[in-house]
Amino acid sequence: MSASYYYGLCCKNIGRAVSIKTIDGRIHRGLITRVTPTKVYLRPLGRNRRLGGFGLGYYGGYGWGGFGLGFGLGIAFGAIATLAFLPFFFW
C-alpha cells in the first residue's frame, strides 16, 4: 500500500486503537492521537503508559507534559508494512 493510502486511513480514524507493523518487523500498538502528512502518532496501549504524576498541563499549559504534543510515538508512513484496527476491549 502507498503512504497516501495509510495517511487517509489514519486521518479518518483518529482516536481508534491500532496495531502497526513496520517494514523492519517491529509491532506498535496504540491509539492514534495525531496525523501529519509524513507520520502517524500513537499513544501506547498497555499497563506501563508512563503518564507520570503531574497530570495534564504540568509544563506550561495543556499538551506539553500530559497527553498532547510531547507524548506519543511517531511512525513514518513509508515505514508501515501493515495497519490493523483493534477492538477497543483489547486492552
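Only this structure's heavy atoms are used, side chains among them; waters, hydrogens and symmetry mates stay out.
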Quiz item: When you look at Tyr41 and Val35, which way does the side chain to side chain contact (heavy atoms under 4.5 Å, CB included) test go after all the steps?
Solution: CA-CA 6 Å; Tyr41 292 87; Val35 179; over 6 Å; no
Practice problem: List the atom of Phe77, the atom of Cys10, and the distance in Å for their closest heavy-atom pair. | Solution: CE2-SG, 3.9 Å
Separation between [atom1] of [X] and [atom2] of [Y], rounded to the nearest 0.5 Å:
{"X": "Ile32", "Y": "Phe85", "atom1": "CD1", "atom2": "CZ", "value": "5.5 Å"}
{"X": "Ile23", "Y": "Thr82", "atom1": "CD1", "atom2": "OG1", "value": "11.5 Å"}
{"X": "Ile80", "Y": "Ser2", "atom1": "CD1", "atom2": "OG", "value": "11.0 Å"}
{"X": "Ser19", "Y": "Leu42", "atom1": "OG", "atom2": "CG", "value": "9.5 Å"}
{"X": "Arg26", "Y": "Leu73", "atom1": "CZ", "atom2": "CG", "value": "9.0 Å"}
{"X": "Lys39", "Y": "Arg34", "atom1": "NZ", "atom2": "CZ", "value": "9.5 Å"}

Self-check item: Residue list, side-chain hydrogen bond (donor to acceptor under 3.5 Å, both in side chains) with Thr22, at least two apart or on another chain
Solution: Asp24
Quiz item: If we only count heavy atoms from C-beta on, is the Val18 to Arg29 side-chain gap below 4.5 Å?
Solution: no
Quiz item: Is there a donor-acceptor pair under 3.5 Å between the side chain of Tyr6 and the backbone N or O of Val40?
Solution: no
Quiz item: Which is it for Leu31 and Arg16 under the side chain to side chain contact (heavy atoms under 4.5 Å, CB included) test, yes or no, and what are the steps along the way?
Solution: CA-CA 5 Å; Leu31 297 174; Arg16 290 202 48 198; 6.0 Å; no
Quiz item: Does one hydrophobic cluster hold both Leu83 and Ile27, with members joined at side-chain heavy-atom distances below 4.5 Å?
Solution: no
